[in-house]
Amino acid sequence: MATNSRFERSRIAAGNVAYSASRTTIETAFYGNNVEKIFDLSKAYEMAANSAGTIITDMPVFEPETIGLPEGAKVLLFNDGETVGRFAGARIILGEKGVNEADYAAILREAVYGTRYKRMLHTQSYIGLDRDFMVRANLLVPETYENTLYNWLLNFQYLNSTYDEMYAKSAVLGTEPDIYILSDPDWKDPRYPNGIAYFDPEHNCAALLGLRYFGEHKKGTLTIAWGIASRCGYASCHGGLKRMVRKDGKKHVMGVFGLSGSGKSTLTHAKHDGKYDVTVLHDDAYVISSENGQAVALEPSYFDKTQDYPLTSPDNKFLITVQNCGATIDAEGKLVIVTEDIRNGNGRAIKSKLWAANRVDKMDESINSIVWLMKDPSLPPVVKLENPILASVMGAVLATKRTTAEKIADGVDKDALVFEPYANPFRTYPLSEDYEKFKALFEERGVQCYIINTGHFLEKKIPKEVTIGIIESIVDETAEFKAFGSMTDIKTIEIEGFVPDFKDKDYVDLLVRGMSNRINYLNSLYDYKGGRDYLPEEAKAAIAKLIEGHR
Ligand SMILES: Nc1ncnc2c1ncn2[C@@H]1O[C@H](COP(=O)(O)OP(=O)(O)O)[C@@H](O)[C@H]1O
Ligand SMILES: C=C(OP(=O)(O)O)C(=O)O
């Protein structure tokens, strides 16, 4: 699909979804005589390299011409300052209870006026890498934020003849207009000391004000694109997806869903010691068609943590830009980066599409399994959910912990267990839409569902090697699923050192409390956001059935 860019004059009028107070305020800012269009990736590279404060390392970009960069391009490092993670508390979503457009339209108008004396840079990209799903997006940032512009063009698909042709062939679906995003990281308003991420999801626009971190731009853009996808018959996925082909030729397409830091990238890019022929779709953002179960990647490159990758790691060959990391001079006098989160938490990098040896933009095979990645100490390393309602609702009550990828508001316990439905804090539409779409994948397409715990089981850390072993046993069909206590519709694999003891009353209490908390959470959705996210009664009933007899 493609979005609508231009309209006959007769349609430039009230009633057209492309024209609303917020959207028109944001779009208008793109046409000032202080705005310059930077659509060319090489030009964006040169501008970022010349931007004040950019560190041009002596680390070369791998095969720069293949990915649209000039010969001799180097890895660029740019650091943000105090904030090095996304701040969910800055999000304001028009359409949610208590959000009044007139209030925010005034803030937007003032923010646009505030850009008057700045040179502004406009760029454009495609979100979605297959003619089945492609959206045109525009970003406006002030001069001096050339690194943000460059990263955004790298993260999403910069315009080039291949994708322009694909987009031209992609059918326009419905009335969805192009995405417009205004960002002014220097914006200040004493009422909002932590900035604002304002979204008008019905009109495909957003304003990121006072936010420097690139992740805000990436996830802000995806917020709108995922909303479009949801309206157009796709399940929006904050997850990784890959195909593993066994030596005997049997294929398994697996999607892993998790909050930032849950292991999406680690598990998606795991190579399994050459056991399978692995093809990656993406490690963070894609959409699954409800019609045919096929998944389309939304982004070409990978915005990943640098924590696990020491300087000499072979994966660093694929770095293009780095954020919030250190720099130093090595023994040979070369300027290199300092990773492993030595400088601060959540060091990040954009890695090239070439990182995954086999990479596709669309997975032709329908998905076989969905994994909810959780960090819930009451759950063993893996359980299998054998009922579509239970499988879908457990995604809706995905329990996890926050990481350094997020800026946490003062006073909030960063170790607390939180529920983050489908690991997607970027949803702007009713939760039931995701609930029904995932349920349909389990019910109608026979997709299997697992919960994999990538945190601790009780006090004991579950190492990533154990998790990767579990994935392999699922793909190899060697996993021996056993009863999970006396609970129905749920099974587990016994893994040495992590076997739940149902004779231990404390353990059973903990497990039952975890499930009861999930029911309480579903009950809380009755009032939260005006009841927008309330799920059908069957969802709660499926969890209640699980703990029947245990309470
Ligand atoms: N059992 C596990 N499975 C996956 N990752 C794990 C596990 N235990 C620890 N980790 C670590 O957790 C981090 C997960 O980060 P990452 O894969 O980038 O998450 P995401 O892509 O979901 O943001 C990595 O540093 C990884 O080494
Ligand atoms: C940048 C982010 O993505 P990830 O899930 O890769 O941490 C984020 O959520 O802020």
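The figures that follow rest on heavy atoms only: side chains count, while hydrogens, waters and symmetry mates do not. For ligands, and for the atoms within them, numbers begin at 1 and follow the listed sequence.
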Enumerated ligand 1 atoms positioned under 4.0 Å from heavy atoms of T467: 1 (N), 2 (C), 3 (N)

Ligand 1 to D308 polar contact by distance, N or O atoms, under 3.5 Å: yes

Output field: ring centroids F156/Y126 closer than 6.0 Å: no

L259 touching ligand 1 at heavy-atom level, < 4.0 angstrom: yes

Min N/O separation L267 to ligand 1 under 3.5 Å: no

Sub-4.0 Å heavy-atom contact, D304 with ligand 1: no

Ion pair check, D376 and R518, cut-off under 4.0 Å: yes

D330, CG: over 12 other non-hydrogen atoms inside 6.0 angstrom: yes

Y45 ring center within less than 6.0 Å of Y158 ring center: no

Ligand 1 contact on P463 by region, counting heavy-atom pairs under 4.0 Å: backbone

K305 neighbourhood, listing ligand 1 atoms whose heavy-atom distance to it stays under 4.0 Å: 15 (O), 18 (O), 23 (O)

Sub-3.5 Å N/O-N/O distance, R348 and ligand 1: no

Sub-4.0 Å atoms of ligand 1 with respect to non-hydrogen atoms of K461: 7 (C), 8 (N), 9 (C)

G258-ligand 1 polar pair, N/O distance under 3.5 Å: no

T492/Y450 under side-chain hydrogen bond (donor to acceptor under 3.5 Å, both in side chains): CA gap, chis, key distance, verdict: CA-CA 9 Å; T492 189; Y450 303 90; over 6 Å; no

Aromatic centroids of Y422 and W372 separated by under 6.0 Å: yes

Within 6.0 angstrom of K461 NZ, more than 12 heavy atoms from elsewhere: yes

Salt-bridge present (D284, K219; N to O < 4.0 Å): yes

4.0 Å heavy-atom contact, D283 with ligand 1: no

Side chain, backbone, both or neither: the part of T266 lying under 4.0 Å from ligand 1 by heavy atom: both

Where ligand 1 meets S260 - atom numbers and elements under 4.0 angstrom, heavy-atom basis: 23 (O)

More than 12 heavy atoms from other groups under 6.0 Å of NZ on K275: yes

